[in-house]
Amino acid sequence: QVQLIDYGGGLVQAGGSLRISCVASGGVFSIHDMHWYREAPGKQRELVATISAAGHTDFADSVKGRFTASKDNAKNTAYLQMTNLKPEDTGVYYCHTRPHKTDRWGQGTQVTVSS
């Protein structure tokens with residue numbers, strides 16, 4: 001019964017920054033890997049970032065060097081810090097985890113980057 005709520009998206013200009021958050025409830029947050037996906041209009045949902053239970057991170061080539069991922073286990077919250085945003089970063093961002101081999105998704109938060 002793990003539930004995820006993501007929030008913090010908005011409209012920013014190219015070159016700007018934004019931090020989005022994902023709050024988990026109903027499970028033991030600290031032992032699960034967390035992922036961030038995004039879905040641009042007309043495109044397939046893609047994995048952009050991962051933070052493991054141990055805190056190790058990995059990023060898609062398209063965002064490497066611009067995005068960072070972190071988490072606060074005491075707050076059951078994961079964060080995606082996005083800097084030097086580009087118009088191609090526009091899309092709906094979703095947090096994701098897979099407790100007990102069952103996919104759980106946030107509802108999505110819209111990020112729009114204007115040129």
- request: Give every residue pair that meets the salt bridge (charged side-chain N to carboxylate O under 4.0 Å, His left out) criterion with at least one member in residues 50-63, sequence neighbours excluded.
  value: D61-K64
query: Does I51 share a hydrophobic cluster with V2, counting links as ILVMFWY side-chain heavy atoms below 4.5 Å and allowing steps through other members?
result: yes
- prompt: About how many Å separate CE of M34 and CG of L80, when rounded to the nearest 0.5 Å?
  reply: 11.0 Å
message: Looking only at side-chain N and O atoms, does Q110 offer a donor or acceptor that is under 3.5 Å from a partner on T112?
response: yes
statement: Heavy-atom closest pair (A53 atom, S30 atom, distance to 0.1 Å) is CB-O, 3.5 Å
task: Over 60° means perpendicular and under 30° means parallel, so classify the ring planes of H100 and H32, tilted if in between.
output: perpendicular
- request: Starting at OG of S114, measure out to CD of Q13 and round the result to the nearest 0.5 Å.
  value: 5.0 Å
- request: Check for a donor-acceptor pair, side chain of R104 on one end and backbone N or O of T97 on the other, with a separation under 3.5 Å.
  value: no
task: For residues K86 and R66, determine if any side-chain heavy atom of one lies less than 4.5 Å from a side-chain heavy atom of the other.
output: yes
message: Within a 6.0 Å radius of atom CD1 on I5, are there more than 12 heavy atoms belonging to other residues, nucleotides or ligands?
response: no
query: Under 6.0 Å from the six-membered ring centre of Y94 and within 45° of its axis: does the NZ or CZ of R38 meet both?
result: no
query: Roughly how far apart are E46 CD and W36 CH2, rounded to 0.5 Å?
result: 14.5 Å
Interatomic spacing from OG in S17 to CG in L85 - rounded to 0.5 Å: 6.5 Å
statement: From the list D6, D33, D103, side-chain hydrogen bond (donor to acceptor under 3.5 Å, both in side chains) partner of H96 resolves to D103
- prompt: Any donor-acceptor pair under 3.5 Å linking the side chain of T90 with the backbone of V113?
  reply: yes
- request: Indicate the atoms forming the closest heavy-atom contact of F59 with T68, along with that distance.
  value: CZ-CA, 3.6 Å
field: Nearest-0.5 Å distance that lies between atom NE2 in H56 and atom OG1 in T50
entry: 13.0 Å
Nearest atoms (heavy-atom pairs only) where S21 meets T77: CB-CG2, 4.2 Å
task: Using the six-membered ring of F29, assess whether NZ or CZ of K71 lies under 6.0 Å from its centre and within 45 degrees of the ring axis.
output: yes
- prompt: Parallel, tilted or perpendicular: which fits the ring planes of F67 and Y93, with parallel below 30° and perpendicular above 60°?
  reply: tilted
field: Contact list for residues 17-114, test disulfide bond (SG atoms under 2.5 Å apart), sequence neighbours left out
entry: C22-C95
query: If we only count heavy atoms from C-beta on, is the Y37 to V92 side-chain gap below 4.5 Å?
result: no
field: Of V63, V12, L18, V48, the residue whose pairing with D89 passes side-chain contact (heavy atoms from CB on, under 4.5 Å)
entry: V63
field: Closest contact, heavy atoms only, A60 versus L47
entry: CB-O, 3.6 Å
query: Can you tell if the side chain of W105 reaches within under 4.5 Å of the side chain of R45, non-hydrogen atoms only?
result: yes
query: Any chain of hydrophobic side-chain contacts (each under 4.5 Å) joining V28 to L4?
result: no
